[in-house]
Each structure stands twice: as structure tokens, then as C-alpha cells.
Amino acid sequence: MSSALPILHVYEHCPFCVKARMIFGLHALPFEKRIFLHDDTTGPTEMVGRKVVPILEENGTFMPESLDIIAHIEKSAPTPLLTGPLNDAITQWLSSIAAPAYKLLIPRVASAPFPEFSTTSARANFIRRKESAEHPFGIILDNSTDDIQHINQKLLELAPLIQSPSAVNGTLSYDDLHLFAQLRSLSLIRGIHYPVEVDAYRHTMSERARVPLLEVFAV
């Protein structure tokens, strides 16, 4: 890498962006974080040909896709960190909560004070793209109990899968990127209860990866 800091172009709420941020944090590599407004199509399109995040800007080149960015940083670092085994049970757990988590998160993201929504038009763009007539955000927010209970039950099932607060499978792996990104998103939902093992893991990983949780904005 050159002496100039690499730049990550992201949205604060985006779990794929969280994964890209994590690999820098885990390696203790400095970078500059820049936020696109959600209705900024021109910026990312000029960089990589389409509206997408995250985008890594480095040495005058642009790289989209979180997994490609992660692989690039792992390859560039003196010592790779994501060397641990993967666990199918973690993949299955993430799949089991994907639908209810997404349903709960989208209206909460829409109301949060994230910098990608710092203009009225940017927030309106997100709401227009994500809200449907069949599932207005207000109704989802008012009827969250069953989905929150489902996720709380699934978190009880996750707890025994966590082998260490600093790595879900005992050694850092891609599972940690995927799991922490989802747990960080869940921190935006008020009423989620974390078993001791899960709570220790998410706080430890937040500190190690230098990506704060979102409880301060929870709804």
C-alpha cells in the first residue's frame, strides 16, 4: 500500500460496509471513511459503474464488493487474520433470522440519524426504495413483538455456538465478519435480549474491529 490512506466509501447502516470496515479494524490499519448520501448515484457510478457500497479507493483505483475488499486487505497484510475454520451452524443461524431481522431493521434504519440520510432527499430516497404499500413502516414498528421474540429465541440458540468472545469459532474467520455485521444491525432494535456469551462476543468484536454498535439509536 502507498503512504496515502485508503478510502472506504460506505453507508453507516450497511452490513456489507461493516464487513469491509472490520478487516481494517482487525488489522489495525488506518483508513479514511467517507459516506455517500443515499440518493447519490453519480459518485459510485463514476467510480465503479453502478450504485453500490462499499467501495475501496486506493492508489487511484476503485474496488467494489465487500468480500473482494476483505480478500485484498488480507492478501496485502503481513499476516492474514481470517485463518480459522467455518461453521455451517453459523451460516444456518444467520439464514434463520435473515427475514425477520430485515423486516424489523428497515423501518428503524429509515428513522435513524445516519449520515447517509443527512438531507431530506437522501432519506426520502431510502424510504421510497424500501417501503411498500403492503408493509408500511409504521405498521411494522407497531407490530414488532413476534419477530423480536423469534430473534431472542434464536439468540439463545446462538450462545452455545460461540467458542470465544474474540472469535466465534475460536480463531478469526469469515464467520466473524458475517456474524458481527448481523449482530451490529440487531443492536438498532430495542427489545433484543443478548445471552451473556453473545453480549460478550458482540462487544469484544466491536472493540477489536473498531466498529461501534448502534444501541444509542435503537427503536
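Numbering of residues begins at 1 and proceeds along the displayed sequence.
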J.: With heavy-atom distances below 4.5 Å as the criterion, would you say the side chains of Met22 and Met205 are in contact?
T.: yes

J.: Could you tell me the separation between the CG atom of Leu81 and the CD1 atom of Ile70, rounded to the nearest 0.5 Å?
T.: 12.0 Å

J.: Measure from the side-chain N and O atoms of Arg108 to the backbone N and O of Ile189, and report whether any donor-acceptor pair falls under 3.5 Å.
T.: no

J.: Below 4.5 Å, heavy atoms only, C-beta onward: do Pro44 and Ile55 meet side chain to side chain?
T.: yes

J.: Between Ser118 (side chain only) and Pro115 (backbone N and O only), is there a donor and an acceptor less than 3.5 Å apart?
T.: yes

J.: Around His135, counting heavy atoms of other residues, nucleotides and ligands shown, do more than 12 lie under 6.0 Å from its NE2?
T.: no

J.: Start with the C-alpha gap between Glu58 and Met63, add the side-chain angles, then the distance that decides, and say whether side-chain contact (heavy atoms from CB on, under 4.5 Å) holds.
T.: CA-CA 8 Å; Glu58 187 179 49; Met63 177 184 292; over 6 Å; no

J.: Going by the rule ring-ring contact (aromatic ring centres under 6.0 Å, His included), which residues pair with Phe31 if we only count those two or more places apart in sequence or in a different chain?
T.: Phe24

J.: Could you walk me through whether Leu158 and Ile90 pass the side-chain contact (heavy atoms from CB on, under 4.5 Å) test, one step at a time?
T.: CA-CA 8 Å; Leu158 173 64; Ile90 296 298; 4.0 Å; yes

J.: Indicate, with yes or no, if Trp93 and Val18 share a hydrophobic cluster defined by side-chain heavy-atom contacts under 4.5 Å among Ile, Leu, Val, Met, Phe, Trp and Tyr.
T.: yes

J.: So which atom in Asn152 and which in Gly191 form the shortest heavy-atom distance, rounded to 0.1 Å?
T.: ND2-O, 3.2 Å

J.: Roughly how far, to the nearest 0.5 Å, is the CD1 atom of Ile148 from the CG atom of Asn143?
T.: 11.0 Å

J.: Asn59 side chain to Thr61 main-chain N or O, any donor-acceptor pair under 3.5 Å?
T.: no

J.: Between Arg50 and Glu65, is the salt bridge (charged side-chain N to carboxylate O under 4.0 Å, His left out) condition met? List the steps.
T.: CA-CA 12 Å; Arg50 66 192 191 277; Glu65 304 296 341; 2.5 Å; yes

J.: Between Ile192 and Ser187, is any pair of side-chain heavy atoms under 4.5 Å apart?
T.: no

J.: I'd like to know if Glu12 pairs up with Arg184 as an ion pair, taking the criterion as any Lys NZ or Arg NE/NH1/NH2 lying under 4.0 Å from an Asp or Glu carboxylate oxygen.
T.: yes

J.: Evaluate the side-chain proximity of Val168 to Phe180: yes if any heavy-atom separation is below 4.5 Å, no if none is.
T.: no

J.: Looking only at non-hydrogen atoms, find the nearest pair between Thr41 and Lys51 and report the distance.
T.: OG1-CD, 3.7 Å

J.: Report yes if some heavy atom in the side chain of Leu177 is under 4.5 Å from a heavy atom in the side chain of Phe16; otherwise report no.
T.: no

J.: Would you compute the distance between atom CG of Leu161 and atom CD of Gln92 and round it to the nearest 0.5 angstrom?
T.: 9.5 Å

J.: Between Thr204 (side chain only) and Tyr201 (backbone N and O only), is there a donor and an acceptor less than 3.5 Å apart?
T.: no

J.: Evaluate the side-chain proximity of Arg123 to His38: yes if any heavy-atom separation is below 4.5 Å, no if none is.
T.: no

J.: Drop me the distance from Lys130's NZ to Leu105's CG, to the nearest 0.5 angstrom.
T.: 11.5 Å

J.: Find out if a path of hydrophobic residues (ILVMFWY) with successive side-chain heavy-atom gaps under 4.5 Å connects Val219 to Tyr102.
T.: no

J.: Tell me the closest heavy-atom pair linking Asn169 and Pro85, and the distance in Å.
T.: ND2-O, 2.9 Å

J.: Among the clusters formed by ILVMFWY side chains lying less than 4.5 Å apart, do Ile35 and Ile69 turn up in the same one?
T.: yes

J.: Report whether Ile7 and Val48 are members of the same hydrophobic cluster (ILVMFWY, side-chain heavy atoms less than 4.5 Å apart, transitive linking).
T.: no

J.: Kindly give the cluster partners of Ile139, where membership spreads through any ILVMFWY side chain lying under 4.5 Å from a current member.
T.: none

J.: Ring-plane angle category for His13 and Tyr11, please: parallel below 30°, perpendicular beyond 60°, tilted otherwise.
T.: parallel

J.: Which atom names give the shortest non-hydrogen contact between Phe137 and Glu131, and what distance separates them?
T.: N-OE2, 2.8 Å

J.: What is the minimum heavy-atom distance between Val109 and Phe117, and which atoms define it?
T.: O-CE1, 3.3 Å

J.: The test is side-chain contact (heavy atoms from CB on, under 4.5 Å); show your working for Thr42 and Asp40 and say whether it passes.
T.: CA-CA 6 Å; Thr42 302; Asp40 180 1; 3.9 Å; yes

J.: Would you give the length of the straight line joining atom NE2 of His72 to atom CG of Leu56, rounded to the nearest 0.5 angstrom?
T.: 5.5 Å

J.: Would you mind reporting whether His27 and Glu74 have side-chain heavy atoms less than 4.5 Å apart?
T.: yes

J.: Within this structure, what is the NE2-CD distance for the pair His193 and Gln149, rounded to the nearest 0.5 Å?
T.: 9.0 Å

J.: When clusters are formed by joining ILVMFWY residues with side-chain heavy atoms under 4.5 Å apart, either directly or through shared neighbours, do Val211 and Leu67 land in the same one?
T.: yes

J.: Show the numbers, then the answer: is there a side-chain contact (heavy atoms from CB on, under 4.5 Å) between Leu86 and Thr91?
T.: CA-CA 9 Å; Leu86 303 180; Thr91 302; over 6 Å; no

J.: Please say whether more than 12 non-hydrogen atoms of neighbouring residues, nucleotides or ligands are located less than 6.0 Å from CD in Glu207.
T.: no

J.: Quick one, Leu172 and Arg208 - any side-chain contact, counting heavy atoms below 4.5 Å?
T.: yes

J.: So, the side chain of Ser173 versus the backbone of Leu82: is there a donor-acceptor pair under 3.5 Å, distance only?
T.: no

J.: Could you pull out the closest heavy-atom pair between Tyr194 and Leu183, with the gap in Å?
T.: OH-O, 4.3 Å

J.: Okay, side chain of Ser206, backbone of His203: is any donor-acceptor separation there less than 3.5 Å?
T.: no

J.: Residues two or more places apart in sequence or in another chain: which of them pass side-chain hydrogen bond (donor to acceptor under 3.5 Å, both in side chains) with Lys103?
T.: Asp147

